[in-house]
Colleague: 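This is the structure I want to talk about, given as C-alpha cells.
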Amino acid sequence: MPEYGFASRLRLKKTDEFSSVFNFRKRISGKYLLMYYNYNDFSYPRLGLIVAKKLVHDSVRRNYMRRVLREVFRKNQQQLTNVDIIIRPKQSFSNDNFTDVESDFLNLISILKKKVKVHLNENGLQSR
RNA sequence: GAAGCUGGUCAGACAGUCGCCGCCUGAAAAGGGGGAGGAAAGUCCGGGCUGCAUAGAGCGGGAUGACGGCUAACGGCCGUACGUCGUGAGACGAGGAAUAGGGCCACAGAGACGAGCGUAUUCAGUUACGGUGAAACGCGGUAACCUCCAUCCGCAGCAAGACCAAAUAGGCUGGCAAUGGCGUGGCUCGCGCCGUCAGCGGGUAGGUUGCUUGAGUGCAUAAGUAAUUAUGUGCCUAGAGGAAUGACUGUCACUUGCCGAAAGGCAAGAACAGAACCCGGCUUAUCGACCAGCUUCAACU
RNA sequence: GGCGCGAUAGCAAAAUGGUUAUGCCGCGGCCUGCAAAGCCGUUUACGCCAGUUCGAUUCUGGCUCGCGCCU
C-alpha cells in the first residue's frame, strides 16, 4: 500500500539540511520549476520549498504555490527513494496552470529517477 | 421614473474523494469534532499582559486643545454650537491665549511691525485719506515658529517574561564592610551588583510554557436624543512554530456575453486579500449583492 | 512578529517658510594636426495625495517605495 501522507519528517527544515543539498550542486530545470537534489541516509524522500519574494510579491500567492507544490510531491512521493529535493519555482503560476505544473514536476521526477539509477550503478562498480 | 446622500449586513451554498494542523475517546487499529478576515494589512493612536524597585522625586522631552458626554483608555465615538461647501439630504473642520515675552512677515510698494512719512485739514500730531499687498497707519497677522495656560504620559516590548535542561566555560546563592566603578529609562537622586567569608549549584544550544474564556458575542427587556450602559438568557468561535486551511469532482444559486419568439441552452467570470500574545479605534485595498431611512428633479392623481 | 530610519537631476550630496546650491555625467562651443586635460555656456530635480499658511521642498497627517536592528 503506497504512502500518501506528508508528515513533518518528510520536510527539510534546518539551514544545514538545505545547504547540504545546495552544496551537492546537482540541478534539474523544467519550464516552471528548478529542482536541486542530494542523496540522504533515510528510506524516504524529503522535500524543501523555496518561493522567492522577488518572484511573487504578495504572500497569498506565495503560500498558494507552496501548498500546490507540497500536494504534487505528496501524490507522487512513492516514485522516489532516498533523496532530498528542493523545489524552487522559476515563474509564478496560479490555479489555471495547475496541470502544467504537475506535468512539469513529473517530468523532473523521471529525469531524476534515471540519474539515480546511474548513480547506483556507478557505486556498484566502485564497490567491486 | 431619474439622479444622489447616510447607515448597516453578507463576502456563494451543500455534498464526496485524497491530504495538512490542533483537540477528545481508545492499549492499538481506528473513530468523532474544530480549523483565516472585514480588513487578519499599515503599525498611526489607546489599553490589557510581562519585565525593569510595588515606577517613586526632580529636570528634560512628548501628546492633546470649542462646549458637554461615552469609555478600561484614546488623537476614537456621540450630541450641541460655530465656520466653509452644496438647491437639498448631508459633507468637511488638530488650535484655548497675540495685553507674559521673544522671533518672522519674501516680491510688489514711498513706507512692513514701530512707529514714522506724504497730502488735505485743525487752536492743537487734531482729524481724514494714502497706487501696492495676504496684511497699511492699529489694541495688525502668524502659536500645524519658539512660548504661555490646562490636561495626560516612567521605559521597553511575547524575539516581553517564566520553567526544565546537553557540550563547553567557571560561576551562583546567603551574611558582613565601604570610597570608587558598573548596570537600570535621556539625565540627576534613588535602587541593585562588583570586595571578603561560608555553602554548592547556576546556565547556552534544545525543549516546555506564556497561548487563547475575553473590557467576548447573538437575542429580549429597560434607561438615554445618541455614543453607550444595566439585567436576563443562549453560545464557545484557529492556536501553528522554517510556521496547518490545499487539490480534484458533482448539484444548485449569482453576474456578463452569444443563440432563441419563449421555456431554455452554451461559454466565461467571481474582488481585496492569509491569523502569529490579545482587545478598542483610525487609515488604506476591495468584484459585487441586499436591506433601512432620507433629499432633489420630472410626470400623474 | 516587533522596533527604528530615509526618499532632492542620469549618479552623488547640501541648505532653507518666499529664487533649490555644488561636483561628476550628457550636449554645444573654444583650445589641438586629432584627442585627453583645461576654459565658457547649457538641459534634466524636492516620491505621491490632502491640510495649516498670503505662500510648503521645508510644518502636520495619510499612502507608496527602500534600508537597518532584535532571532
Side-chain angles (χ1 to χ4, degrees):
Chain A
M1 200 60 191
E3 285 260 346
Y4 284 103
F6 185 64
S8 61
R9 68 191 172 92
L10 301 182
R11 289 182 204 170
L12 295 179
K13 289 181 180 177
K14 308 266 183 195
T15 310
D16 291 346
E17 295 168 351
F18 273 89
S19 343
S20 72
V21 177
F22 281 124
N23 290 336
F24 196 60
R25 306 175 77 86
K26 298 287 184 186
R27 192 167 76 170
I28 310 169
S29 78
K31 190 183 172 205
Y32 288 93
L33 307 173
L34 218 76
M35 178 188 283
Y36 301 82
Y37 67 94
N38 189 6
Y39 308 99
N40 65 28
D41 298 330
F42 307 101
S43 59
Y44 47 84
R46 295 192 300 173
L47 174 73
L49 288 170
I50 298 174
V51 182
K53 205 176 196 174
K54 207 169 164 184
L55 195 67
V56 183
H57 183 69
D58 60 306
S59 59
V60 175
R61 295 185 57 198
R62 275 205 306 280
N63 282 325
Y64 175 80
M65 286 162 75
R66 267 195 276 270
R67 287 166 185 154
V68 163
L69 290 173
R70 198 182 299 139
E71 173 74 7
V72 170
F73 173 81
R74 184 184 66 78
K75 277 159 72 173
N76 298 294
Q77 60 177 294
Q78 76 276 6
Q79 298 188 29
L80 296 166
T81 54
N82 56 331
V83 284
D84 288 346
I85 59 176
I86 294 176
I87 300 291
R88 194 152 70 99
K90 289 164 73 177
Q91 51 174 280
S92 67
F93 55 86
S94 62
N95 201 1
D96 301 336
N97 1 53
F98 172 75
T99 48
D100 291 348
V101 172
E102 189 170 23
S103 64
D104 200 35
F105 182 82
L106 289 172
N107 189 30
L108 290 179
I109 289 288
S110 65
I111 296 172
L112 178 62
K113 272 158 73 181
K114 281 181 201 164
K115 298 212 173 196
V116 169
K117 226 173 188 177
V118 170
H119 171 80
L120 287 176
N121 287 344
E122 279 175 356
N123 275 14
L125 286 174
Q126 279 169 6
S127 66
R128 270 179 212 171

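All chains are named by letter (A, B, ...) in the order of the sequence lines, taking the proteins before the strands, and each is independently numbered beginning at 1.
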Colleague: Have a look at B:G38 and give me syn or anti from its glycosidic angle (syn if within 90° of zero).
Modeller: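 Base orientation: syn.
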Colleague: Around atom NZ of A:Lys90, are there more than 12 heavy atoms from other residues, nucleotides or ligands closer than 6.0 Å?
Modeller: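 Buried by this count: over 12 neighbours within 6.0 Å.
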Colleague: When the C1' atoms of B:A63 and B:U173 are considered, how many whole Å apart are they?
Modeller: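 Each nucleotide's C1' atom is 46 Å from the other's.
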Colleague: State whether the side chain of A:Lys26 and the backbone N or O of A:Asn38 hold a donor-acceptor pair below 3.5 Å, judged by distance alone.
Modeller: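 No, A:Lys26 side chain to A:Asn38 backbone: no donor-acceptor pair under 3.5 Å.
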Colleague: Between B:U245 and A:Tyr64, is there an OP1 or OP2 to side-chain N/O distance shorter than 4.0 Å?
Modeller: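 Answer is no, no contact under 4.0 Å.
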Colleague: Decide, yes or no, whether a salt bridge links A:Lys31 with A:Asp104 under the criterion of side-chain N to carboxylate O below 4.0 Å.
Modeller: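 Here A:Lys31 does not pair with A:Asp104 in a salt bridge, since their nearest N and O are not under 4.0 Å apart.
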Colleague: How many Å lie between CE on A:Met65 and P on B:A247, as a whole number?
Modeller: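 The answer, rounded to whole Å, is 13 Å.
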Colleague: Measure the distance from CZ on A:Arg74 to C1' on B:C248 and round it to the nearest whole Å.
Modeller: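 Taking atom C1' of B:C248 as the reference, CZ of A:Arg74 is at 11 Å.
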Colleague: Using only modelled atom types and a 3.5 angstrom limit, is any donor from either the side chain of A:Glu71 or the base of B:G19 paired with an acceptor on the other?
Modeller: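 Such a pair does not exist between side chain and base.
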Colleague: Provide the distance between the two C1' atoms, one in C:U64 and one in C:C49, to the nearest whole Å.
Modeller: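 After rounding to an integer number of Å, I get 11 Å for this pair.
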Colleague: Please state the C1' separation for the pair B:U283 and B:C44 - nearest whole angstrom.
Modeller: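 Here B:U283 and B:C44 have their C1' atoms 8 Å from each other.
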Colleague: What form does the base of B:C139 take, syn (within 90° of 0) or anti?
Modeller: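 You should classify B:C139 as syn.
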Colleague: Measuring from the side chain of A:Val60 (C-beta onward, heavy atoms only), which nucleotide among B:A273, B:A247, B:C18 has the closest atom?
Modeller: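 My answer, after comparing the listed nucleotides, is B:A273.
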Colleague: I need the CG-C1' distance between A:Leu47 and B:G19, as an integer number of Å.
Modeller: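 A:Leu47 atom CG is separated from B:G19 atom C1' by 14 Å.
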Colleague: So A:Pro89 and A:Leu69, do their side chains get closer than 4.5 Å, heavy atoms only?
Modeller: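 The answer is yes; the side chains approach within 4.5 Å.
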Colleague: For B:G206, give its Watson-Crick or G-U wobble partner with both distances under 3.5 Å, or none.
Modeller: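 Partner of B:G206: B:C164.
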Colleague: Taking atom P in both B:A39 and B:A150, compute the distance separating them and give it to the nearest angstrom.
Modeller: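 That atom pair is separated by 41 Å.
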Colleague: When rounded to the nearest Å, what value does the distance between P atoms of B:G125 and B:C117 take?
Modeller: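 Nearest-Å result for B:G125 against B:C117 at atom P: 12 Å.
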Colleague: According to the Watson-Crick and G-U wobble definitions, with both distances under 3.5 Å, which nucleotide is paired to B:G192?
Modeller: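 Its partner is B:C182 (Watson-Crick or G-U wobble, both distances under 3.5 Å).
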Colleague: Distance between the C1' atoms of C:A50 and C:A45, in whole angstroms?
Modeller: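 That atom pair is separated by 23 Å.
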Colleague: So, is B:U237 syn or anti if syn means the angle is within 90° of 0?
Modeller: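 Syn conformation for B:U237.
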Colleague: Under 3.5 Å, is there a donor on one side chain and an acceptor on the other for A:Asn40 and A:Asp84?
Modeller: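 On atom types as modelled, these side chains qualify, holding a pair under 3.5 Å.
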Colleague: For B:U9, does the glycosidic angle fall within 90° of 0 (syn) or outside that (anti)?
Modeller: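 Classified anti.
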Colleague: Using O4'-C1'-N9-C4 for purines and O4'-C1'-N1-C2 for pyrimidines, with syn meaning within 90° of 0, is B:G22 syn or anti?
Modeller: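 For B:G22, whose glycosidic angle is within 90° of 0, the conformation is syn.
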Colleague: What's the gap between B:C149 and C:C48 when it is taken at their C1' atoms, as a whole Å value?
Modeller: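 Per the computed distance, 39 Å lies between those C1' atoms.
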Colleague: Determine which nucleotide pairs with B:A227, using a 3.5 Å limit on both distances of a Watson-Crick or G-U wobble pair.
Modeller: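 B:A227 is unpaired by these criteria.
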Colleague: Please tell me if A:Arg67 has a side-chain N or O lying less than 4.0 Å from either OP1 or OP2 of B:U245.
Modeller: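 It does, given that an N or O in the side chain of A:Arg67 lies less than 4.0 Å from OP1 or OP2 of B:U245.
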Colleague: Please answer whether the main-chain N or O of A:Ser103 pairs with a side-chain N or O of A:Asn107 as donor and acceptor at a distance below 3.5 Å.
Modeller: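 Not a single qualifying donor-acceptor pair exists.
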Colleague: Give me the distance, rounded to whole Å, that separates B:A238 from B:A2 when you measure between the P atoms they each carry.
Modeller: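 Result for the P pair: 45 Å, nearest Å.
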